[in-house]
Amino acid sequence: MSYEIDPRGYYGEYGGAYIPEMLHANIEELRSQYQEIMADPSFQKEYNTLLRNYVGRPSPLYLAPRLSAKHGGKIYLKREDLNHTGAHKINNTIGQILVAKRLHKTRIIAETGAGQHGVATATVCALMNLECVVYMGSTDIERQAPNVARMKMLGAKVRPATSGSQTLKDATNEAIRDWINNPHDTHYIIGSVVGPHPYPDMVAKFQAIISQETKQQLLEQEGRENPDYLLACVGGGSNAAGLVYHYLDQNDVKIILAEAAGKGVHSGHSAATSILGSLGIIHGSKTLLMQDKDGQIIEPYSISAGLDYPGIGPLLAHLISSKRAKVYSATDQEALEAAIELSRYEGIIPALETAHALAVLPHLNLKTDEIVVLNLSGRGDKDLDTYIDNIDTRSNFQ
Ligand SMILES: *Cc1c(COP(=O)(O)O)cnc(C)c1O
């Protein structure tokens with residue numbers, strides 16, 4: 001079984017580039033050049049220097065002693081929460097802005113749901129002095145006011161998408177429309193391993209720094225590169241793709257993914273795409289997505305804004321359907337409790353997205369000497385209001 005992308009841009013039956021004719025030239029320009037650009041030594045040097053001196057990499061690999069005592073095994077946390085801007089998303093936006101510069105683009109567009117990708121994009125545009133326009137659904141602009149303020153502070157223009165449900169998919173449509181109208185000077189930075197080929201492959205390769213560092217750090221700390229388990233939460237799938245990238249062919253390493261069950265997988269308020277989804281086309285990619293019988297997208301729901309994407313990246317769909325990866329889902333309540341647990345046990349407040357991965361730990365039934373690397377994809381500062389509003393004072397964690 002191959003987990004590499006094929007020359008046509010597919011992982012198994014998932015992927016490809018299902019795009020309107022008017023986007024063909026933009027996508028083809030990127031597709032024909034991204035590999036050469038990324039392999040260029042001057043690109044590598046600039047990318048790695050920024051990751052070190054601007055983002056703060058390598059991120060630590062931390063053996064969490066009290067969490068391990070609670071759940072068994074040796075649980076290591078890959079600390080992407082310590083990156084500049086507080087999550088893994090900056091690994092990708094740094095990479096893509098350097099690609100955009102080499103394609104001589106002067107203007108950047110992006111779409112954002114919760115605003116995290118918008119902030120990571122606005123950050124690198126400020127760094128490189130490029131114009132930045134972020135599309136965001138009007139509903140999300142209201143819900144995510146602090147991130148809207150951050151983007152504005154960084155000099156980005158935030159444009160509301162007012163059609164449909166006024167959320168992420170509407171913002172995506174607006175961004176695509178913009179790109180069609182501005183093909184020459186504009187690069188579209190997609191925020192996860194989703195979208196038409198070559199985006200899923202390009203984003204996975206920028207996030208692969210996570211597994212590259214993990215191998216070396218685990219070798220130093222444990223005398224072996226391979227853990228028994230890798231565990232990550234999945235929205236579109238970019239932090240998971242980065243964590244597993246250099247381990248895909250190591251069959252002794254089990255891959256565990258955590259999806260958002262919302263109020264329960266079958267409650268009608270869920271984002272568990274791998275269970276509720278079926279094959280279709282979203283955002284230019286053939287993959288698993290939540291759709292009704294007419295192919296209309298079903299709005300996903302999760303307490304965590306970063307996980308309520310109605311699709312899943314084609315690499316992840318392939319890993320799941322080929323049984324290379326196993327999926328568990330965690331409800332809002334389970335994620336909240338796991339977030340409180342990590343805060344009280346280790347002094348680390350995780351992002352709500354990451355908390356879904358933490359909530360899966362009890363399901364692994366770890367043996368004493370088994371090693372888990374859990375991708376701590378982001379920090380919880382952005383979620384404090386949600387945590388405070390939801391902490392049940394009668395819980396065990398008073
Ligand atoms: C955006 C986000 C996610 C989900 O996106 P992926 O592409 O699936 O990684 C997970 N964790 C955090 C902290 C995020 O900001």
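First listed ligand is number 1; within each ligand, the first listed atom is number 1. Since the structure is predicted, the reported quantities are computational estimates derived from the model, not experimental observations. In what follows, residues are counted from 1 in the order of the sequence shown. No hydrogens, no waters, no symmetry mates; every other heavy atom, side chains included, goes into these values.
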Check for a donor-acceptor pair, side chain of S329 on one end and backbone N or O of A261 on the other, with a separation under 3.5 Å. no

Quick one: look at A351 and ligand 1, take heavy-atom pairs under 4.0 Å, and tell me if it's side chain, backbone, both or neither. side chain

If you measure every N or O of S377 against every N or O of ligand 1, does any of those distances drop under 3.5 Å? yes

Closest to atom 10 (C) of ligand 1 among protein heavy atoms sits E353 CB, 3.5 Å

Nearest protein heavy atom with distance in Å, relative to atom 6 (P) of ligand 1: S238 N, 3.3 Å

Min over Q116, K89, E80 of heavy-atom distance to atom 1 (C) of ligand 1 lands on K89

Is there a donor-acceptor contact under 3.5 Å linking the side chains of E80 and N91? yes

Which Ile, Leu, Val, Met, Phe, Trp or Tyr residues join L67 in one cluster when any pair of side-chain heavy atoms under 4.5 Å counts as a link? Y62, I75, L77, Y229, L231, I256, Y328, L342, I348, L358, V360, L361, L364, L366, V372, L374, L376

Compute the shortest N/O to N/O distance between G236 and ligand 1 and return yes if it is under 3.5 Å, no if not. yes

Apply side chain to side chain donor-acceptor pair (under 3.5 Å) to the pair T123 and H84, showing each step before the final yes or no. CA-CA 10 Å; T123 299; H84 179 47; 5.0 Å; no

Run the numbers for me: atoms of ligand 1, each under 4.0 Å from some heavy atom of C233, listed by number. 10 (C)

Of the backbone atoms (N, CA, C, O) and the side-chain heavy atoms from C-beta on, which set of H117 has a member under 4.0 Å from an atom of ligand 1: side chain, backbone, both, or neither? neither

Partners passing salt bridge (charged side-chain N to carboxylate O under 4.0 Å, His left out) against D6 (at least two apart in sequence or in another chain): R8

Taking only heavy atoms of G378, which atoms of ligand 1 are found under 4.0 Å from at least one of them? 13 (C)

R57 and E213 ion-paired at < 4.0 Å: yes

Is NZ or CZ of K205 both nearer than 6.0 Å to the six-membered ring centre of Y245 and within 45° of the ring axis? no

Electrostatic pair R107:D178 at N-O distance under 4.0 angstrom: yes

For ligand 1, indicate whether the residue N239 contacts it via side chain, backbone, both or neither (heavy-atom separation under 4.0 Å). both

Indicate yes or no: does an N/O atom of H88 lie under 3.5 Å from an N/O atom of ligand 1? yes

Flag yes if more than 12 heavy atoms outside L30 fall under 6.0 Å of its CG atom; otherwise flag no. yes

Heteroatom proximity flag, G235 to ligand 1, N/O under 3.5 Å: yes

Atom 4 (C) of ligand 1: nearest protein contact (heavy atom, Å): G306 O, 3.5 Å

